[in-house]
Each structure stands twice: as C-alpha cells, then as structure tokens.
Amino acid sequence: MIQPFIFKFGGASIQDSDSFIRIVEILKAHWHNGLVVVVSAAGDTTDHLENSIHLAWNNQPYGETIDALEEYHLGICSALFPEDHAIYRQLPNDFVKLRKTLASERKLEGYAYFYDQVIGYGELISTRILQELLCLKGNYCIWQDARELIATDSNYKMANVDWVMTMQRCRKYLADKLETFPVITQGFIGSDWQGTTTTLGREGSDFTAAILAVSLGAKSVTIWKDVAGILNGDPDLFPDAVKFDYLDFEEAAEMTYFGAKVIHPKTIKPLAKQKIPLHVKSFLDPASSGTVIGSFEDHPKIPITVIRKDQVLATFRIKDLSKAGGFHFHELFELGKKSNWTIHLTQGSAVTLKLVLDKPDPANEFLPKSILENFHVLWQEGLTLVTVKNYLPEQEKMYETESAGIHLVQKSPATMQLVLANWEG
Ligand code: ASP
Ligand code: MG
C-alpha cells in the first residue's frame, strides 16, 4: 500500500479565485499519487451557514444569506472556469439541496442534528470547486466524500471518532484510489453508523487531516496556513515573537491546551502516538521552511506565551465539608465534557476546584441542580488567561507587578499561568 501524505487547507487559503489558483500551484509542485488534500469551506462560509441555520431554526428568513453564498461561490467560479463548464450545473444543484435541507422537517430532530445536516455544505462545495479546477488544469484527481471515511458516533456538532471503523473505511474507499490518483476531500464532516452527517466541532478540519493520517499510516501531514509557522507568541501582541523550526509534540499539544489557536487541539495527540510529523507551512510563502512538529524532546526550551481572552473563571466549593478531599470533582469534569467546555486551566484543593474555560454557548452554561446542591459556585466572566511556558524570571515579575487585577496564579517549574481582569495587550 502506498504511504500517503496529507495536506490541509483552511478557509482563508481558498477565499477567492486568486487563492484557489495559488493552492493549485502549491499542489502541482507536490503532485503525486498518495496525496490526500483536506479542505475547509471557502472564506467565512461556515459562519454564514451557521447564521442561516440559526435563522431557519427560529423561523426567520434566511434566503438572502444563502443567495449571497451562492453568488459568492459562483463569483469565484466565473474567474476560474469557462462558461460551459459542468461546475455551473453542479454548484446550483448543491445549493438546491442545501435550501431543501434548511427548509425540511429535519428541524424536528433537534438543533444539533439540524446544524450538522446543513453546515457541511460549505466543505462539499469548496472541494468540488478545487477538484474540478485541478482536473481542468490537467491534474486529474478524485473527489471523495469524507462522510464515507470518517466514522463517528451521533454526538452532533462535536462527534467522537470511531477509529477502528474509520480505519476500515479508509482502507476500503481510499487506499486503492490513492495508488493511482490524488484525492480531494472535506475536513470537518463525518457520518454516524446510520450514515447521517455529523461534524467534529468548529475548526475541525485539522483534526480530519490527523484522523486520515493515522488511519492510512501517512508519511506526514502538512497544514497550510497564512502564517510562517508556529510562533512563540501572537505576533499582533508580541512583535518580536519568533518562529519555531522544530517543536516537540508535547510542547505543541500543551500550547493548544493553553488556548493557542495555531492548530485544532485534538490534532496533535493521534499524530504523536503514531509519530507522524506535522508540518505547519505558509501558503503565502510555500518555499519557506515553516515549523515541523515531531519527536524532538531535547530541543531548547524557548519561552512560549499564549493569551486567551473571554475566559470564565468558575470556582466550585464543596458545601458539605464531610465530602472534602476532592472526590466529588469528577462530577464537574463529567459536566464539562457533556457541555463541551474548553478548559485551559484546572486548580484544585481539598474543597475547591477552579476551572478556566472559554465562555460557553449560553445553552452550555447551564449548571444542573445536583451541582448546585453540592457546590457553592462563583462564575466570573470577561477574564484573560496568560500562559507562559518555559518562563523566565523577568516574565514572572512583569506580569505580577502589573496592575492587572490578578484573579489566580498557578506555577510549576515549567509553566506559569495567570488569570487577569485587565489585559491591555
Ligand atoms: N469550516 C469549518 C469551520 O470553519 C471547519 C474548519 O474550518 O476547520 O469551522
Ligand atoms: Mg472554516
């Protein structure tokens, strides 16, 4: 079996016709059977689809949003394809299906289900455009529906991967094709055992690339982004941030846990387990080296700063002190998992657990009665989490002397985390 390599392109890399051309050039330079190209929805399509889902769900008019999306995609095509090309039949067809899905009674099955049936059209359409464009330019490749590959449970909007089934499906539907042709497929979407569409959570296309890499035993994964690679801080906040040439899997995984937005948090772990290197490269400057994430345990520890805004500090204090010792905290982690909380810091004592998390959707802020019966809860919003890994003594002082309103500090020899009220960065 051929050992594939996986490329992933996000929405920003295909936001207009020029960027599609740029991606085609990159792909041509790496054209080879065994290449699997995972693609997100073009530009901000997913945000617009999310908006239309919200409107449809609330019985408000959403037609204009969809019309604008169709116009946007057709506009991209008009600069890329001749007038009589089949894409002009394919695309309107996809939009007919999308409108039908939005209008259909599927709403009766619950919001998350409805959401997943609609939201993936962005990817289904963008991959069509890319595949047809490559073929038009003489680079024959196959369009593959990712829902035939990525097997999940039915936890809509945040489905969990069935790794064994996915591996079987990849071998069945993909391995042979890859012997001869590159394959273009969608990020973000999968299907459950009934064949119903599911999604892996927003920005989940990086994770799709990792799932396919593991399932196919890939040589490497390359995520193409609009930045030079992974930097040790957000360049908008830290102008002298430096790019890593190499980064250890563990450091990269920690960065995503602390809230760095470089790569989807679920991406690193499966790749680390199989030791499949992950390249992060710039689609604006494809010849530059980017960052390689792999097993580089001995490389020098450079300070890494991650700033995460809009954080909630949730403090849970046990009411009945005879239950002290933290044995009841598992209820809180279970709740967090069920409610899809994204937690970036935990701090526990015998009677108190503090969690720092992204502000959840209103529906997922709900605290059940059992939790309120067992814990005093303090829920503080609008805070900033600063994490400095491999911190230097001067950084320690810098943050602590700032009149920043420190709500919490947590330090280990390797990592310092602070929750601040007034972050001016
Ligand atoms: N298009 C989806 C989103 O914007 C998935 C992705 O981009 O990774 O969330
Ligand atoms: Mg996207």
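Atoms within each ligand, like the ligands themselves, are counted from 1 in listed order. Bear in mind that the values here come from a model prediction, so they are computed numbers and not experimental data. FYI, side chains are in, hydrogens and waters are out, and symmetry mates aren't considered; it's all heavy atoms of this structure. FYI, the numbering just counts along the sequence from 1.
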Under a 3.5 Å distance rule, please check whether N232 uses its side chain to pair with a backbone N or O of V242 as donor and acceptor.
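Between the backbone of V242 and the side chain of N232 there is a qualifying donor-acceptor contact (under 3.5 Å).
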Is there a donor-acceptor contact under 3.5 Å from the side chain of Q311 to the main chain of G382?
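Side chain of Q311 to backbone of G382, a donor-acceptor pair under 3.5 Å: no, none is there.
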Is the ring centre of F181 less than 6.0 Å from the ring centre of Y140?
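Yes.
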What are the distances between nitrogen or oxygen atoms of ligand 1 and protein nitrogen or oxygen atoms, counting only those under 3.5 Å?
| unit_1 | atom_1 | unit_2 | atom_2 | d |
| --- | --- | --- | --- | --- |
| ligand 1 | 1 (N) | T46 | OG1 | 2.7 |
| ligand 1 | 1 (N) | E123 | OE2 | 2.6 |
| ligand 1 | 4 (O) | T46 | OG1 | 3.4 |
| ligand 1 | 4 (O) | R202 | NH2 | 2.9 |
| ligand 1 | 7 (O) | S40 | OG | 3.2 |
| ligand 1 | 8 (O) | G204 | N | 3.3 |
| ligand 1 | 8 (O) | S205 | N | 3.0 |
| ligand 1 | 8 (O) | S205 | OG | 2.9 |
| ligand 1 | 9 (O) | R202 | NE | 2.5 |
| ligand 1 | 9 (O) | R202 | NH2 | 3.4 |
| ligand 1 | 9 (O) | E203 | N | 2.7 |

Other residues, nucleotides and ligands only: do more than 12 of their heavy atoms fall within 6.0 Å of CD on E179?
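Above 12, so yes.
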Any ion pair linking E70 and R99 (charged N to carboxylate O, less than 4.0 Å)?
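Yes, charged N to carboxylate O under 4.0 Å.
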The criterion is side chain to side chain donor-acceptor pair (under 3.5 Å); which residues satisfy it with R202, sequence neighbours excluded?
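In terms of side chain to side chain donor-acceptor pair (under 3.5 Å), with neighbours along the sequence ignored, R202 is linked to D47, E50.
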